[in-house]
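The structure displayed is predicted, hence computed values, not measured ones.
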Amino acid sequence: MIPTRILGKILLGKATPFQIALGAILAATLGFIPGPGQAPLLFVFLLLCLLVFNANLFFAGIVGTLSKLVSLVLIGAQFEVGKLLIDGPLEPLFRLLINAPVLAWFGFDNYVTVGGLILGPLFGGVVGFGIIKTLQSFRKKMADLDEGSEKYQKYANMPTVKLCCFVFLGGKKGKKSWEELATNRIGNPIRIPGVIVAVLLLGVLIAAQFLLKDAAATGLLRDQLGRANGATVDLERAEVDLFGGQAKVVSLAAADPGELSRNTFEANTIDVNFSTGDLLKRRFTINEILVADALSGGERATPGELIGDAAKPKPAPETDESSGTIEDYIKKAEEWKKRLAQLRDMIDRFRSARGEDPEAGPDTPEKKETLKERLAREAREKGYANVYATHLVEKTPKLTIEKVTIDGVRMQGRDGVSYDIDGAWLSTNPDLVGQTLSLQLVSSDDSTSGSFMLPPDIAQPPSLTFKLNGLDADQAASLLAGFTEPPFKGGTLDLALDAKLDGSTIQSPLNVTLKNSTVMLPGAGPTQVDALVIPLKLSGPLDNPAITLEPSDLSDALIAAGKRQAANRLTAELDKAVGDAIGDVGGDAAKSIKEQAGGLIGNLIGGGKKKDPPL
């Protein structure tokens, strides 16, 4: 259709001020809403209103497009308006709306959406008013000409003029006079064909929930899991029974954000039981997740891609330069750091959900974020459109997983050993659950166990424990960096950590137990031990902690292992190092003592760097 004919249908047609204003206001409100993801039912409701009410759809399309562009420019101001409404004097009203059945799907917890409910109608009203005044002025002028100008009437009835009007404007105004068009204010408020279309559309949507629910659930779940994982998640299909409260996920594979050519986790089937009653309140309560035939560390046919915040490079956390770090003690330390960084990111997300500031350091006296700080941080990290008033959610969190059971997970490269993983009370709002969030892992041969606990009370710190027993000592020694000869030979090695975390930083002992092994002690030579517990100390960021061992702790460990003579020889060697340091004229005695004593114990635990001075 020629564009001028569309304009002609408005100028010469029956569009009333009411229809134009209604179309402009509805379309502008729709344009100022971020999208159906933030306010699904509100989005559908406004579309249906445009169809049912006799709003002018041409004007609505123009205003809707223009308002979306304006909203993108003013999204910061729109966010602030939403904050003023949600967290201001109207907070009790919004708390009620956010937690009400059905209304919870209207997006009243999204700051940009609520701001759009104010700015959208205002923008649409102003634009609609301008259009109405222009149209009325044109029709009034044409009414005056129609009644008082013989020359106009003569030209208007000429065949060539009628033909041009038909081609470019779509014909004349119809049976109504210009005076009638200029004075008609309301018109028919309901569009009968629109009502029919709306009913049919609702029927199609309801039918689609049954016919296409599995396809829709598959796409939605794939996207959400990908964002949560930080990397590609492949999913063959998801089967959902809404009324029965059951779902089944088939062939899931989550790429490892630290090594995109492998999968962190993959499973053939995942069975889910969920609560249907909470869905009306836009809550997702999963009673139980059962996973079968799972594998970790498997190779991917196609490398995955990073998603969301995981794709943004993060600066390496700083640590104490006077102590050794993972890179100083372990070969291929980068792989370990990637795994620890993943754990740290997970803990930061849990802390954020509990109301803490993930960026707060161990020396920060106050760890709980204010509401203003949280909203500002989330706006930076996620964008204005993805910030929600989660503090107004009552009783039930947005997502709660009461129980997760993963039996017999296989690890790539560890044949014959499987792992059982149990989780409980995983939630987007741990403080609302009132239960301790927990993850536990146990191997089938009892060689490995670990746990992570996050109490709902912010005053209680999260805890991290793990035990790794029966490692081959020679294999472990081969992983240590900075040696021409291994610091110990033969036997087995156990690791044990039981830490209370200060946010995502750690300050805890790590006990390394050598059993039936020969230890190479400086000044003492090879020493056979039945069980030697070496109390290392970890401090600093979880993914790059400093690792230290006090000489006195090592001496005490040797005495406890029944090796008093070896402890005495080690002490004598340390005394000699101290004497050499004090006699170092012009040097910093304290620093030299620390370096030489650290070099001694470093030769035992794996931090012997080539730059250390020989003893």
### Query
To the nearest 0.5 Å, how far apart are CG in Leu74 and CG in Leu119?
7.5 Å
### Query
With respect to Phe265, which candidate in Leu252, Ile421, Leu295 satisfies the side chain to side chain contact (heavy atoms under 4.5 Å, CB included) definition?
Leu252
### Summary
Distance col, row Leu464:CG vs Leu454:CG, nearest 0.5 angstrom, shows 12.0 Å
#### Entry: Ionic contact status for Glu373 with Arg377, cut-off 4.0 Å
no
### Message
What's the separation between atom CD in Glu402 and atom CH2 in Trp425, rounded to the nearest 0.5 Å?
### Response
4.0 Å
### Message
Between Ile98 and Tyr388, is there a side-chain heavy-atom distance shorter than 4.5 Å?
### Response
no
### Task
Return yes if some donor-acceptor pair links the side-chain N/O of Ser71 with the main-chain N/O of Ser67 below 3.5 Å, else return no.
no
### Message
Using the rule side chain to side chain contact (heavy atoms under 4.5 Å, CB included), only one of Val114, Asn110, Leu42 pairs with Ile33; which is it?
### Response
Leu42
### Query
Between CZ of Arg283 and OG1 of Thr400, what distance do you get to the nearest 0.5 Å?
9.5 Å
### Message
Which residues pass the salt bridge (Lys or Arg N to Asp or Glu O under 4.0 Å) test with Glu236, not counting sequence neighbours?
### Response
none
### Message
Counting C-beta onward and ignoring hydrogens, is there a side-chain heavy-atom pair between Lys248 and Thr269 closer than 4.5 Å?
### Response
yes
### Message
Any non-hydrogen side-chain atom of Pro36 less than 4.5 Å from a side-chain atom of Val44?
### Response
no
### Query
When the ring planes of Phe284 and Trp105 are compared, do they come out parallel, tilted or perpendicular, using 30° and 60° as the limits?
perpendicular
### Query
How long is the span from the CZ atom in Arg300 to the CG atom in Asp234, to the nearest 0.5 Å?
4.5 Å
